[in-house]
Structures are given as structure tokens and as C-alpha cells.
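Working notes for the structure below.
As the structure lists them, so they are numbered: ligands from 1, and atoms in each ligand from 1.
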Amino acid sequence: MAFGSPGQSVDRARLLRAGRLHWFHWLIVALSLVVTVGAWHLSKTQIEEKTALRFERDVAQVIELVTERMQKYEDALWGGVGAIQAHGGYVDVDEWRAYAETLRIDAKYPGINGIGVIHQVAPQDLAAYLGEQRRARPDFEIHPTHAEPEYLPIAYIEPVAGNRRAVGLDIAHESNRYTAARKARDMGVAQITGPIVLVQDAEKTPGFLFYVPYYRGGTHASIEQRRENFLGIVYAPFVVRKLMEGALASHKRFVTMRITDGAETLFDEHVAEEADFDPEPLYAKQVRLDLYGRVWTFDIWSDVSFRASAGNSQPLTILLGGILIDSMLLALFVGLSRANRNAVTLADHATRELQAKTLNLERSNADLEQFAYIASHDLQEPLRMVGNFTQLLQRRYEGRLDDKADQYIGFAVDGVKRMQQLLNELLEYSRIGSQGEDLSPTDTAEVCRHALANLQASMAESAATIDVAPLPLVSGDGGQLTRLFQNLLGNALKFRAPERAVHIRVSAHERDDTWRFEIADNGIGIEPQYRERIFVMFQRLHDRESYPGVGVGLAICKKVVLRHGGELWVESEPGVGSTFYFTLPKAGRSINVVALPARETAHGEPAAEHRKVG
Ligand code: ADP
């Protein structure tokens, strides 16, 4: 793996990817948002529909109440007509009072100012009429004067208190009052006037008169007959404000209204002074109502109490709750991605450290290997010379000098031989990594035979029994494997127990993609604390006199096995024997060359493959 900026930029890209949210995170958040908005919208729509329906109901109720109320008043007026007819077409002021009292206007007809009678008086009958009325009421006057060809004075109104100004008022003097009266007369039905201000209303607010006509001798089929027999009108004056207060107390409803008749306003709650008025109503509706010859337009608006009762927090709660959950989901995903990025950062860091260490290790191994090679190779020549001359010295001067000199020369010759042996081993060790053959299918049975042939002499000397089980094909370097077998078998022969005949068993056991070999002896065994150390270069457990050797054999074995991607270890019982185990790759398997741990490297054992030295 590369180091430096290109590698780092790749890492940065990976980091960026690791820290980012995946598409499915976004998908989950988006779906959740859609569900939230959907639920909010559904809930909002349902509540809006319900509220709109409620408003419609309220509007219908208002219209119904007004209509009902007017019908009730109409009934009372027709009752008055009935009373007059029952008296033969004329009642005097006392009889009318008696009738009006039975109505109990205050209690049953709130909103009405009173109930009265209007007489039709022809100009020629005026004097007689006044005379008749002044018998009971001397101050009775008809007012004001006008140019119409008839008089329609308000003869009685009960209760008189509060209505006194209306008594004697000639409704023919004013077109609103007069027009409706003639229509009532001609059509024989109840009529109301257009907006007027009642003479008795001190506040001068809009009002109207409600007329019901009566005739001589009951009802009549044609206009002519009605005009002919027309006697007068039973009427009631209304102040619209009072009518509405009586009909529909504002505290009992959730709407405000404005009632207009043509261009004129009869009643208006759409003013800032109204407590419940909502200047921006949630709902508004206009209803036109045909009412006794007039058309009243109702502008009905929902009021503030409607708004308050319509305010449902459910959709908002759903929306906010949903958004909260979505945010938490997002935060969770972001947290996870961050954790992921941190993990990647850590892993990258660790990898980089490992790579740096490996590189260092490889370098120092290469250096060591080179040093070992140079030392062992280049020292051989001068050593050979020293050897030759010391041997020459020995041959020429042995017995000619004193005993001490012979002994010293002997030491020197031995030392040189030993030194040569050491250098040979070292050279061989250093060549394992650099000068081995490529790994190829190798018959370990053949390898073992070869090794034993090389050990003929020691075998004969120790009268050893060697059992070799069938051995497999492995992927290996034949020369190096021969050396491996030879070293291990050689040790098994060398470190024999003097009290018993040598018995060695060689076998192999199949594992997943390796073979595990065993070379078991019945020799002196190895103490547990030395089982690692014996694989380190120059480490020996015995002196040269007891067991010859330089302590490189097992180090070479270990290096060969490692080069083949395998492992080497020993199990042993001191005094009973040792078994050396090693694994080799099956033939045809590619091997994974293992870097040596630093600990062993510290003792000078190179690890890397494919490194040419020299
Ligand atoms: P050498 O054989 O030259 O001493 P090795 O590296 O082959 O060096 O062995 C290192 C040491 O391990 C030996 O000196 C010996 O003490 C111990 N050893 C190796 N093989 C055996 C064995 N089969 N039985 C007992 N001890 C052994």
C-alpha cells in the first residue's frame, strides 16, 4: 500500500464516504417525513371539514331561528285580526288592551315593541272618526299631515307606555310604511316595511313594522274586493336590535351577523365594539332570505369564540411530534455515520502504523540479511587462509615444539573449523529468503528419503528405528524442505537418550489447506521454558562436548517453514521425548507469507520473501 499524499487522499475520500449518510438513511427520513406531513394533512383536513360543517349548522340555525321568530310574531298579529273579527270588525281601545294583555308580550315576544291597530279612514269620514276616538281619548290626533288620499292612523298600541309617540301617527305620511301597508292590503298577507326609524325609539336604530291586514267580513279573493273591504292593519313595531337580542342572544351562538335590506343596514355586529367580533373570520357566508315582501341579506361570520373552539391542536401536535421523531432519526443516523467515520479513521490510523512498522521491519530484516550474507560469505576466504596456514603449521611443527605449542595450534585449528561451520550455517540461513527456489508441488516422502540418506552415518551410529508414514505432496522448495527434514531428524538422532534405542516417527495430517507434519522422537526432551528459545539463532541448551552443533539448525527450520507460510513449534516432555510440528501448504495452494514478529527479528531473524541480497 502506498504512503504519502496519494494514499492519504484515497483515505480522505473513504473517510468522507464513511461520514456521509447512506441513501437508505435519507429514504427512511424522507418516508417518515412524508408520513408525518400526510398524517398532519389528513388530520387538518378532517378537522377543517368538521369545523366547516359546524359553521354551516350555526348559519342554518340562525336563519331558522329568525324565520321561526317572525312566524311567531305573525301568528300573534293574526291572533289580533281574529280578535277584531270576533268583535264584528271593530274593537275599541279597551278591548284591544285586553287582547294585548293576553299575549304577555314582555315574556313571550321579546323584541317586539308592542302590538297595535291601524285604521283606514277615508277623508270624508275623518271628522266622524276623530269624534269617535276622542270620546275615550280627547287628545287623540292624527299626524303628520300628508298628501295621500286616505288616512292610516295608528289607533291603538299596547302597551302604550313607551309607544305613546306612535299613537295617532299616520303611516301614510312615509313611503316605506305606506307602501308595505298597501301591499298587505292588496295581497291579504303579512308584510314588513323597509328599514325605518321608529318614532318611539329614542336610540334611533333601524326597525320595521310588521303588518297583517283585516277586512270587513273575513277574507276576499281579489285585489278589488280587498280594497273595497279593507278596514285596517294589525301591526307590531320592531327595533331590529331588540328583535335579534330576543331571538338569538349573541352569547348562545358562535357567529356574528350583519343584516341588510337593500342598501340599508338593519343590524350589524361586524363592528370592533362587538366583543365576539372576529375581523378575519375563519368562515363567512351570505344568505338571502325572502321575508314578508322584503329580501334580507344575512352576512354571517364565525366569531372569536368559534375560532377558539375550532382551534384544535391535534394536527399541529402530529406535525411537531412527527418532525421531532424525524429529527431524532436524522440525529441517530448522523451519529451512526460519525461513529462509522471514527471507526474508519481509527482503522486507517492503525493500518498506517502497521504499514510503517512493517516497512521498517522489512528494511531492517533486509539489512540484517545482507549483513549476514556479507559477513558469512566474505569472511570465508580469509578464514580459509587462516585454516590452511594453521593446518600447515600443525603438520610441519607438530612434535617439534613443546607440548603447549602443539596444544595451542590444535585449539587454533579447531577454532577455525568451528568458525567455518558457523559461517556456513549463517550463510545458508541468510540465503533462505533470498536464494530459494519458487514453491512447486513437492513430494515430502521423497524429501524425507533424501534427508535420511544424508543422515546415513548418524543413523547407523545410533541404531535408530525410523517409522515414516505416507507423506503428501506439498507446495514447497524441495532443497529447503530437505534441509528442514534433515535438521529435525538430525536433532532427533543427536539428542537421543543414552539409555534407550532411538525411535523416530514421521507422519503428516491433513487440515483445511495445509498439512501438519510431526517428527516425534524418544530423546532427552526439552524443558518447557526453552521451547521458544531453541528456535532463536545460536541458542543451544547444551555444551559442545555433550552435543556438537552451533545452534543455527532450528533457526533455519523456522525460517524455511515461515517462507512456506507455515508454523513450527515443539511439544515435549523432558526425559521422554519431543515432537516437532510444522505446517506446509497443500500442493496447488497459494501461500500467504507471514511477516515475522518484531520480537524474533530482534534476535536477527530476517522475515521477508523475495528479497535479493548481495
Ligand atoms: P544445534 O543442534 O546445533 O544445537 P539447533 O538449533 O538445531 O542447534 O537446536 C537448538 C537446541 O535445541 C539444541 O541445542 C537442543 O538443546 C535443542 N534441541 C533441538 N532438537 C532437540 C530434540 N529433538 N530433543 C531435545 N532437544 C533438542
Side-chain angles (χ1 to χ4, degrees), residues 372 376 414-415 417-433 448 451-452 454-455 457-459 461-468 480-507 516-563 566-582 596 599-607:
S376 46
D414 273 1
K417 277 188 191 153
R418 212 176 121 60
M419 183 81 161
Q420 279 172 333
Q421 199 186 349
L422 255 169
L423 285 184
N424 279 337
E425 299 268 316
L426 200 58
L427 191 61
E428 191 179 341
Y429 179 89
S430 73
R431 279 174 173 161
I432 291 168
C448 186
L452 287 173
N454 293 343
L455 292 168
S458 349
M459 279 167 62
E461 188 194 329
S462 56
T465 314
I466 302 182
D467 297 332
V468 181
Q480 291 183 352
L481 291 187
T482 305
R483 184 68 206 221
L484 169 68
F485 273 79
Q486 194 175 320
N487 283 3
L488 292 176
L489 288 166
N491 279 351
L493 291 167
K494 183 161 65 174
F495 297 103
R496 64 180 173 261
E499 65 277 10
R500 54 184 177 262
V502 177
H503 187 196
I504 303 172
R505 283 167 293 111
V506 182
S507 58
R516 194 192 70 192
F517 290 80
E518 293 180 20
I519 297 182
D521 63 44
N522 60 344
I524 58 172
I526 304 164
E527 296 289 338
Q529 68 269 32
Y530 301 128
R531 284 176 199 162
E532 294 282 331
R533 217 166 93 181
I534 54 171
F535 295 104
V536 176
M537 182 102 80
F538 303 130
Q539 292 291 329
R540 309 194 72 237
L541 306 181
H542 308 279
D543 58 40
R544 269 200 322 278
E545 281 66 40
S546 322
Y547 298 98
V550 291
V552 182
L554 284 182
I556 290 177
C557 290
K558 181 124 196 179
K559 199 168 176 193
V560 168
V561 172
L562 282 178
R563 192 198 155 209
E567 291 172 284
L568 171 63
W569 70 100
V570 66
E571 285 173 11
S572 178
E573 202 178 320
V576 177
S578 313
T579 303
F580 282 82
Y581 298 90
F582 57 92
L596 288 180
R599 179 170 54 82
E600 297 192 30
T601 311
H603 291 93
E605 193 169 350

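For ligand 1, the atoms sitting less than 4.0 Å from at least one non-hydrogen atom of G525 are 25 (C), numbered in the order shown with element in parentheses. Atoms of ligand 1 lying under 4.0 Å from at least one heavy atom of D521, given by number and element, are 22 (C), 23 (N). Less than 4.0 angstrom separates some heavy atom of G549 from each of these atoms of ligand 1: 3 (O). Listed by number with element, the atoms of ligand 1 under 4.0 Å from a non-hydrogen atom of Q539 are 10 (C), 11 (C). Atom numbering of ligand 1 starts at 1 in the shown order; those under 4.0 Å from a heavy atom of L541 are 14 (O), 16 (O). Taking a cut-off of under 4.0 Å to the non-hydrogen atoms of K494, the atoms of ligand 1 that pass are 1 (P), 2 (O), 3 (O).
At a 4.0 Å cut-off, at least one heavy atom of S578 sits close enough to ligand 1 to count as contact. Heavy atoms of Y530 come nearer than 4.0 angstrom to ligand 1 in no pair at all.
Of the protein's non-hydrogen atoms, the one nearest atom 3 (O) of ligand 1 is G551 N, 2.9 Å. Of all protein heavy atoms, the one lying nearest to atom 21 (C) of ligand 1 is F495 CD1, 3.4 Å. Looking only at heavy atoms of the protein, atom 7 (O) of ligand 1 is closest to N491 ND2, 2.8 Å. Considering only non-hydrogen protein atoms, atom 17 (C) of ligand 1 sits nearest to I534 CG2, 3.9 Å. Among all protein heavy atoms, the one lying closest to atom 26 (N) of ligand 1 is I526 CG1, 3.4 Å. Protein heavy atom at the shortest distance from atom 5 (P) of ligand 1 is L554 N, 3.6 Å. For atom 4 (O) of ligand 1, the closest non-hydrogen atom of the protein is R540 NE, 2.7 Å.
Residues I556 and K559 fail the side-chain proximity criterion, which asks for heavy atoms closer than 4.5 Å. Contact annotation: the side chain of L481 approaches that of V560 to within less than 4.5 Å [non-hydrogen atoms, C-beta and beyond]. V570 is not listed as a side-chain neighbour of Y581, based on a closest heavy-atom distance of 4.5 Å or more.
Checking side-chain atoms of K558 against main-chain N and O of V536 turns up no donor-acceptor pair under 3.5 Å.
In terms of polar-atom proximity, V550 is counted as a contact of ligand 1, with an N or O under 3.5 Å from an N or O of the ligand.
Taking the charged nitrogens against the carboxylate oxygens, E461 and R496 do have a contact shorter than 4.0 Å, which makes a salt bridge. The existence of a salt bridge linking E545 and R540 is excluded, since no basic side-chain nitrogen approaches an acidic carboxylate oxygen closer than 4.0 Å.
Residues S572 and S578 share a closest heavy-atom pair of OG-OG, 3.0 Å. The minimum heavy-atom distance linking I432 with Q480 is given by the pair O-NE2, 3.0 Å. Minimum interatomic distance between A464 and L493 (heavy atoms only, all atoms of both residues): CB-CD2, 3.5 Å.
Neither the backbone nor the side chain of F535 comes within 4.0 Å of ligand 1, counting heavy atoms alone.
Of the residues I504, V506, L489, the one that meets the side chain to side chain contact (heavy atoms under 4.5 Å, CB included) test with V468 is V506.
With ring centers used as reference points, F485 lies under 6.0 Å from F582.
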